[in-house]
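Okay, so here's the structure we're looking at.
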Protein chains: 4
Amino acid sequence: MPKQRSEEYRGFRTAGIRLTEELLPTIVSHRTDKVLAALYAVHAFDKAHLVMLTEEALIPRRDGVAMLRALRDMERDGIEQTRLKHGGGIHSAENYLIHRLGEEVGGRIHLGRSSGDLNQTYQHTGQRDRLLEVMDEVNGLRSAVLPVAQAHLESIMPGYTHGQHGQPISLGFYLAMWAAVLERDFERLLQAYRRVNVSPTGAAIMTGSNFRLNRERTAELLGFDRPASNALDVIHSHDRLLESFCVLAILNSDLGRWAEDLVTWSTSEFAMADFPDRFCGTSSIMMQKKNPYAFEFAKGQGANAVGEMVKAFIVEKGPTGWAIQDRTYAVEGLWRVFTDTVRDLRWFREILPEIRWNTELMRERAGRYWAQATDVAGALVAEKSLPWRTTHQIVGILVRLSYERGFTPAETTPALLDEAAIEYMGEPVGLSSEALRRALDPANFVASRTLIGGAAPGEVRRQLAESRARLGVDEKEAAAARQNIQQAAKKLEAAIDALVGS
Amino acid sequence: MPKQRSEEYRGFRTAGIRLTEELLPTIVSHRTDKVLAALYAVHAFDKAHLVMLTEEALIPRRDGVAMLRALRDMERDGIEQTRLKHGGGIHSAENYLIHRLGEEVGGRIHLGRSSGDLNQTYQHTGQRDRLLEVMDEVNGLRSAVLPVAQAHLESIMPGYTHGQHGQPISLGFYLAMWAAVLERDFERLLQAYRRVNVSPTGAAIMTGSNFRLNRERTAELLGFDRPASNALDVIHSHDRLLESFCVLAILNSDLGRWAEDLVTWSTSEFAMADFPDRFCGTSSIMMQKKNPYAFEFAKGQGANAVGEMVKAFIVEKGPTGWAIQDRTYAVEGLWRVFTDTVRDLRWFREILPEIRWNTELMRERAGRYWAQATDVAGALVAEKSLPWRTTHQIVGILVRLSYERGFTPAETTPALLDEAAIEYMGEPVGLSSEALRRALDPANFVASRTLIGGAAPGEVRRQLAESRARLGVDEKEAAAARQNIQQAAKKLEAAIDALVGS
Amino acid sequence: MPKQRSEEYRGFRTAGIRLTEELLPTIVSHRTDKVLAALYAVHAFDKAHLVMLTEEALIPRRDGVAMLRALRDMERDGIEQTRLKHGGGIHSAENYLIHRLGEEVGGRIHLGRSSGDLNQTYQHTGQRDRLLEVMDEVNGLRSAVLPVAQAHLESIMPGYTHGQHGQPISLGFYLAMWAAVLERDFERLLQAYRRVNVSPTGAAIMTGSNFRLNRERTAELLGFDRPASNALDVIHSHDRLLESFCVLAILNSDLGRWAEDLVTWSTSEFAMADFPDRFCGTSSIMMQKKNPYAFEFAKGQGANAVGEMVKAFIVEKGPTGWAIQDRTYAVEGLWRVFTDTVRDLRWFREILPEIRWNTELMRERAGRYWAQATDVAGALVAEKSLPWRTTHQIVGILVRLSYERGFTPAETTPALLDEAAIEYMGEPVGLSSEALRRALDPANFVASRTLIGGAAPGEVRRQLAESRARLGVDEKEAAAARQNIQQAAKKLEAAIDALVGS
Amino acid sequence: MPKQRSEEYRGFRTAGIRLTEELLPTIVSHRTDKVLAALYAVHAFDKAHLVMLTEEALIPRRDGVAMLRALRDMERDGIEQTRLKHGGGIHSAENYLIHRLGEEVGGRIHLGRSSGDLNQTYQHTGQRDRLLEVMDEVNGLRSAVLPVAQAHLESIMPGYTHGQHGQPISLGFYLAMWAAVLERDFERLLQAYRRVNVSPTGAAIMTGSNFRLNRERTAELLGFDRPASNALDVIHSHDRLLESFCVLAILNSDLGRWAEDLVTWSTSEFAMADFPDRFCGTSSIMMQKKNPYAFEFAKGQGANAVGEMVKAFIVEKGPTGWAIQDRTYAVEGLWRVFTDTVRDLRWFREILPEIRWNTELMRERAGRYWAQATDVAGALVAEKSLPWRTTHQIVGILVRLSYERGFTPAETTPALLDEAAIEYMGEPVGLSSEALRRALDPANFVASRTLIGGAAPGEVRRQLAESRARLGVDEKEAAAARQNIQQAAKKLEAAIDALVGS
């Protein structure tokens, strides 16, 4: 019916309608790129919206059916290429439908919608789906950590503070820490997931619509938990987006720290860990090199996640609803962060069981640089009833003497200890050789850490059992969420079948 | 017993013990400052630890009682000044006790502890207590928003996108958005609270202790939900700290946006909102000025919260346990962010009910710049069964004509609409005057947004009722958390009474 | 000569040499992408290195000539596609040459080089070339600003502080500010340019080479000012990279602020500026919208530039030389920031002369909300010899009265001023009607700002003349830099001709 | 003359003038704190402004003299405490003068000024003075680095990439890198200094004044290079502030990297560097610890400088002149960053000459993990005319064999090299024992790096001489700047003497 033929339709923003010039090509390109990552989410919303419009008789049934059929044709021909041919953006289905069916029919799809709920819906869907993907990968990594930890309950190694040897721990205890960290990451991801899985559909640009849209229906067909309760809020408050950035930044900060540990341990000087070659590069000039590429990327991704988060916070600064195109920078960054987070979680999961640990060297080091000194002071408290601080100072003097005179912990004698005691308090302490030997044994150090949270093998076994139980619960949680989304997708297809088949 | 007299004790790190030189004064100062903010949390831990050591007979009962009595004396004399006199840091109680009671007694307090669990405990306590304080203030602001929103269900105003008039909304609907935003902020705060309210006490520096500490007991006396399950994790994983920064950055980003709205609305050009004078400054040269100081600080705090968060993420980069003194920058920043967050929440709460809204101008503006255009197109769909896109384009042309020829929405006639329709599709649309008039009325626009999430007065009333109900639940949640902490404080004093009194 | 046939050569990192497994495909892809942006810079280095090796007889002349000929063939066939076919990374020329000429010949190109100087050379070249491009665009924008400023020396408008009307200024004065800002941006860009235009070629990975490379020669052929003086520094210190991020972040912060001004001024409420339609979008639902897309992207790019800068600072954290693959995230981000900076500078340059300014409204507003109040107090100082603070307070009271009673500045009378004076100091001031009228005229306000730096038309004309002169100098500076690079490119081709032609 | 007695004057912003309520105390406190850091700069501006007003007869000479005398009294009584007693902010001198001399006299100081140029002047002065202080400290550190570098031209050590041994270098060469880095830092500081040392005095809030202020005179008396050329620009463009943050962030990123090197080298595993005890802490539980506190703070300050920079960029986002109180967060952060930068530069300067380097271990390590492998391949090129890539691959195989079979570089024989060659290309290479031995000697590796920028002792000596010469030039530059400021201070006192003495 418009004078312009439908086959020539280039989208609603053409010169001669509201505005008098065509949009600058350098601007158009941005609009297209932004949406590529979310084409399938937009596609699903297009279908759900058409089903609802048709079911509610807000458009002629015949037109609704024709459009749904055309979208199925598009699926057969390839969603991406077809949509790219029709502008590629969030309105590519409308462009396509007008081309195929004329504006008289295709011009009806957008009733009650706006770019606002289109954008926000694909952002909610995208965040939800990718959060779920990350949750699954976090669980995958947890399931990979637990058996390695279990296998190393007695692999003694130094624990570090300030980069210095602190106390002896075990590799299993260290890995049990990662299981605990990833549990909290899972929690944060799940909580973000629940906040984001509410439906913007039917919120239009801020007030909803004065047409009788069925918001519950589209929410149901797209797997959302419910329609958002305030339309202005769901379109123009973006704390959920910021939260996704935050939980990913925290997760990647965790993985980055892990990567830093492993890179450090793989140096010639630490020599504690060796990685499978396929994760490593070499050099075009220094052919001896075995460079820990995967962990370097993981460290870089830690930086990336923070930088992208910062962008998002800055973009969101300003009055409500003012930043729209600006947000392109934030949204594009988010998908990149998700992608590389999944990549890193998979790498960690694959590498971890294949790392060759130099357990012998680790054990030897754990006792070589006085990491066990705490227990020498402890033995003096236990056996001689001295105050902790007194024994602490005495052993501090002992350690200084050991560096000044060049004896090692293993070479330490009760006499040397007495010399330190005399220096501190004017009299010897008289610890037995046997007690000193026991106090100097790093394995004994670890074995005696039986308190809740301690490093003793039995206690770490308990921690791992707890982590395993918790992982089971979390896996069920994630599976239920995934199933809910899959069932919605089935419902959507069934609803289309019901309309198209009739 | 040590040669050095107890009155001269200057802390365990003196020249002649492990190290040969005194610590540089420019470094000492940093260690003191860091802890000032957390003195009371350290003090509580000192007491709980002594109670537990005494109850478990890990130190002589007489010594435990003497130390607890001395700490009560300190409370009488003033915790801050006494501790500052004794170094001011996390070990100020030990210094004080050794001065008063001699190393033979005071030297026993630190048994089984380390600076690690001291630091981490005050950080957990500090985060927990301040998160709770922020939660209370968020709830306070929610309770202030709801009645103002209720009072403005029919105060029509323009809603904005891209800084341009989008659609008519009501001020009540806008404020209902903020109630919804703050609900999510509360959720995030509470979830962070629960993750952080686990006890590091007894984790020492990473392995716990080989003395039979009762970790459940100190956790109970300090109001923690439970002892942390892996000692290495609770001391050296700092995702909880990052999460506190994140939830505060999101909250302050929300408040910053609100401040941006209000600052913009208070310009001479927008002229929609006027603030109580006590929140405003004037100028030393431009005496006409009324500058919105409070909201400027709130905007600045939005930036502050992000900058401090960035610091923390950078500080945490590195191998596990390496960054310790570095973390001073992160931890100090966190307390500042908490403090100014509370300040801003209180300001908002106080200002909000006193803002003078220029509702007349807001209403007039809502219909002056075509914000209601959506409904003209909608009327053509509803009455003429035209496709949405066709009516959208016709009204787009109409708006362009209005700017080219200088007529306002109120001056628009069916004839002008027909002219646009003819330009688009070669024929008029024939909308009745009455239908056109109704479509052009912004109040009618708002009244017809009755879908879930819509802007219609009745629907916003429903949203506010929902928010009120939710607020009630959340207030109970916060009160229960607070009560739990208070009861623990009482338990701690009762346990001391039981020991000291005997 | 190697057992593996040259046609099968897949690069030096193949399983069976130093390492036993092929590199993971998900890692390989990162290495390729990183370099795409810098392919031409790598290509130029490949040629210059071969020229130098051949001239210095470090490889057989025949082999050098054969490789240079093959690279000319590559140029004919298309550098990008040929290199992508051979791995796409910085070693794509070596792969190509070995395929074509056998390892016996092509295996000689990399003598004395490493991935280190390859990477760093393209980064220096890339930064240099793009800094220069940005410098040219900054100058282009300066040349666009000056005539618009000149045309608006008498377009009176309000100047803002705290979002409130501060004092009357002129649009020309406002635009003269931007000329001054861009001057400083140019300075920073030029200074960064000079620091980065030193040559990493021949620095290899950190120590240079024990082959007699001619570092001056490759530096000359690639247009660098000189070889870097410390090889470790030029490869592993990345402050230059951080500086590029910083100068771009500052420039984009400047443009972002300008965009914020213009977006604000284009609101219906401010209504001071209207942009060409081709830079604006409309809405799929709110067809009345004219959204300032270009400036929204510029605002977003302000955020983008900061976020990418943050990434780079975080990536660089760590010991010297440890972060290598991590840096991918920083380097890729830098090219994106450059690209969008150029885009925005071009947009500003194109839009600026076409903005329709509502000069009438601006002028009216400049006197409507007491922006001129400063001069009423000034008149009392000048004519009545009162202290500034006394007159300031009197006029402060006058302004308050005007809001309480609803009179405008134009309606103010000497009697009202006297009323305020009596309220403040118990007696009238007796300013003449004429003096009051003059003090209340915003145009007079501006005209009297004749001090250096002032807003008076004549003074702004002087500022613009100064800016124009400075622009001339800076344009010559940029042109000289560009010419230097172009001459180097010619020298390189001439050197190849001399070898290949022989 | 005002009804309120001068002794009761509480500043111009009191209830009853423009506004009807007193400013909220929680807001007042912010205004005071902000300015403390800059009290002396404000004080100097106060004096220079009064001198100029008096000289130009813009206020009665008698009043000008009385006020200057009163300010000298204030200096005698203590500037800080006197000003704090009078509100503490930028208007504390006015408050003080009105109290002492009555509003009739003291009310004249602010003529032609605003809070705008007061704030901006102390910010320019503060940045200038502190940049100069940092420049001096950077030069101090450079002067400390050079002799240490000179002393270690032959201290062979491993150079690292990817955390792995790359090539042998010398400690002197490594330190020469730092001299080069600090040169660029000095350049950036100086360039920022020059941009910031222009005078905002007399720019008032954006338009200057219509009183005949002598802007050149106040600029001269405060040591500025010239008055700023556009008053709006100098008050409301803050790229100079951002630039100060940026140059400090880069400098602290450099120092942070250096600290990371040293912390890593001081681990038990690397064991290459040992620091003076006074810069180190120990532990309250692990008495063996010697924790590198100073470098940990330097690392933290690297994070701090970036976080504060981010704040500033975010604060500055928004329309021109809108952010005022918001900027408090940025400005306060800047002074903190300056302070800790100076602290760290001093620490580095003091520590560096006292570090105990384990040169024997460093030398041994440099040849133990194949860092010298490059030269084995190089020897094959030089002696056997093989292509580089072929020799690279052969040695790559050799290194793999060494790890598989457990022989060290020192144990490598020509036969093993031949075995690798046969594996790669089917035939041996026949390198002589002597050539292999030479190629495997790390000292020889370093000695042969004689190219410009290389690691050879003679070449590093040249680099250090160049650095020393450059340092001499830069020290003169800094001294001249400092002298200029000191002379201005003398001029100011002389001008006051001339007025007060008359």
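Each chain gets a letter, A, B and so on, in the order its sequence line appears, and its residues count up from 1.
- For the pair A:R327 and A:Y329, the cation-pi criterion (under 6.0 Å, within 45° of the ring axis) is not fulfilled.
- Ring-plane geometry between A:H392 and A:W388 is classed as tilted, the angle between the planes lying from 30 to 60 degrees on a 0 to 90 degree scale.
- At least one donor-acceptor pair closer than 3.5 Å links the side chain of A:S448 to the backbone N or O of A:N444.
- Using a 4.5 Å cut-off between heavy atoms, D:V315 touches chain A through its backbone atoms (N, CA, C, O) alone.
- Heavy-atom distances place no part of D:T264 under 4.5 Å from chain A, backbone and side chain included.
- Comparing D:A271, D:P158, D:G281, D:A373 by heavy-atom pairs within less than 4.5 Å of chain A, the highest count is held by D:A373.
- Neither the backbone nor the side chain of A:S402 comes within contact range of chain D, judged by heavy atoms closer than 4.5 Å.
- Interface remark: D:F313 contributes no atoms to any contact with chain A (heavy atom separation under 4.5 Å).
- In this structure, the portions of D:S284 lying under 4.5 Å from any heavy atom of chain A include both its backbone and its side chain.
- For A:E296, the part lying near chain D is the side chain, with the backbone staying farther off; criterion is any non-hydrogen pair under 4.5 Å.
- If you measure heavy-atom distances from D:K317 to chain A, the contacts under 4.5 Å come from both the backbone and the side chain.
- A tilted orientation is assigned to the rings of D:W347 and D:F297, their planes being inclined by 30° to 60°.
- D:R389 touches chain A through its side chain: at least one heavy atom from C-beta onward sits under 4.5 Å away, while N, CA, C and O do not.
- The ring-ring contact (aromatic ring centres under 6.0 Å, His included) search around D:F295 returns D:F275, D:F348, not counting sequence neighbours.
- Relative ring orientation between D:W370 and D:F407 is described as perpendicular, the plane-to-plane angle rising above 60° on a 0-90° scale split at 30° and 60°.
- No side-chain donor-acceptor contact under 3.5 Å links D:T282 and D:K290.
- D:Q167 touches chain A through backbone and side chain together, each having a heavy atom under 4.5 Å away.
- Highest contact tally toward chain A, considering only D:T267, D:L398, D:N291, is held by D:N291 [criterion: heavy-atom pairs under 4.5 Å].
- Note: D:S268 leads D:G396, D:G163, D:S268 in heavy-atom pairs under 4.5 Å with chain A.
- Among residues two or more places apart in sequence or in another chain, the ring-ring contact (aromatic ring centres under 6.0 Å, His included) test is passed with D:H238 by none.
- Annotation: maximal heavy-atom pairing with chain A below 4.5 Å, among D:I285, D:I397, D:V263, occurs at D:I285.
- Only the side chain of D:R365 comes within less than 4.5 Å of a heavy atom of chain A; its backbone N, CA, C and O stay farther away.
- The pair D:R438-D:E383 meets the salt-bridge criterion, with a side-chain N (NZ, NE, NH1 or NH2) lying under 4.0 Å from an Asp/Glu carboxylate O.
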